[in-house]
Amino acid sequence: TIQTVVLFIIGVLILDINIALGNIYAWINIGIFSILGSILFLFIGLAISGASPNEDYAAPFANLVTFPMMFLSGVFFDNDILPGSISTFTDLLPLSPLVESLRESALYGTNTFELLPELGIILAWIIIAFVIGVKTFKWEWFYFSKSSLVKYGIIKLVTFSNVSSGESDDVSTWTTGPIVLFSTKCL
């Protein structure tokens, strides 16, 4: 989203490009669709990482999904030149309505109501990617034992002595699970 804003500001201020034909509502569209696109691809990334067996497979899976989508969704060339059945398929890819809505808003100042079909497809993909991400994403919990916390220097086992009574408290008795509590006595 920030990248989109920076690119449009550079285009307007430095390159003197007339974006959205001066229509403020088109700028609002650009903001809305940029935010929705960020959310969409965040969820797609979570779904891909969840479907990957480990981190070594995540990048190839992401490339397998994103590269065909970039070439078939009208990012580099208009997908109307594709044959009918392929064009119909590519119109339903997650990136196609995003590219189309940003292009329509930036070039022609199209309002949100004219872009409702694209908005609906993007929202449907957000829901689909979110559900897949939730179903496939795996949390890994790490519990550290007292010895591993000491080994990696996260805690130090120090003995504090109470000079007046001669008693000593071992801090290690205050550690429980992943929570480490420290206690000191005034000497």
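Values in this document were obtained by computation on a predicted structure and should not be read as measured data.
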Worked verdict on Ile19 versus Trp27 for side chain to side chain contact (heavy atoms under 4.5 Å, CB included): CA-CA 8 Å; Ile19 294 179; Trp27 281 99; 3.8 Å; yes
Going from CG on Leu40 to CD1 on Ile128, what distance comes out if it is rounded to the nearest 0.5 angstrom? 9.5 Å
Min side-chain heavy-atom separation Thr136-Ile48 under 4.5 Å: no
Write down the atom of Asp91, the atom of Ile121, and the distance for their closest heavy-atom approach. O-CD1, 4.2 Å
Would you tell me whether Glu118 and Ser101 have side-chain atoms, one donor and one acceptor, within less than 3.5 Å of each other? no
Among the clusters formed by ILVMFWY side chains lying less than 4.5 Å apart, do Val131 and Phe43 turn up in the same one? no
Heavy atoms of Ser105 and Ala26 approach each other most closely as O-CB, 3.5 Å
Closest contact, heavy atoms only, Ala129 versus Ala47: O-CB, 3.9 Å
How many angstroms lie between CZ in Phe71 and CG in Leu82, if you round to the nearest 0.5 Å? 13.0 Å
Give a yes or no on whether the backbone of Thr110 and the side-chain of Asn29 come within a donor-acceptor separation of less than 3.5 Å. yes
How long is the straight-line distance from CG of Leu115 back to CD of Glu100, given to the nearest 0.5 Å? 8.0 Å
Atom pair CZ (Phe77) and CG (Asp80), whose distance is rounded to the nearest 0.5 Å: 11.0 Å
What's the verdict on side chain to side chain contact (heavy atoms under 4.5 Å, CB included) for Thr112 and Tyr25, showing C-alpha distance, side-chain angles and the deciding distance? CA-CA 8 Å; Thr112 308; Tyr25 297 112; over 6 Å; no
Transitively linked via ILVMFWY side-chain contacts under 4.5 Å: Ile35 with Leu95? yes
Do you reckon Leu7 sits in the same ILVMFWY cluster as Phe76, going by side-chain contacts under 4.5 Å, direct or chained? no
Does CZ belonging to Phe130 count more than 12 external heavy atoms closer than 6.0 Å? no
Looking at Trp125 and Leu92, what are the two nearest heavy atoms and their distance? NE1-O, 2.6 Å
Would Leu98 and Tyr108 show up in the same hydrophobic cluster when neighbours are defined by side-chain heavy atoms closer than 4.5 Å? no
Do Ser73 side-chain atoms and Met70 backbone N/O form a donor-acceptor pair below 3.5 Å? no
So, for Leu123 and Leu36, which heavy atoms are closest and what is the spacing to 0.1 Å? CD2-CD2, 4.1 Å
Heavy-atom closest contact (Val99 atom, Gly74 atom, distance): CG1-O, 3.5 Å
Assigning hydrophobic clusters by single linkage (Ile, Leu, Val, Met, Phe, Trp, Tyr; side-chain heavy-atom cutoff under 4.5 Å), is Leu46 placed with Tyr57? yes
Quick one: pull up CZ in Phe33 and OG in Ser38 and give me the separation to the nearest 0.5 Å. 13.0 Å
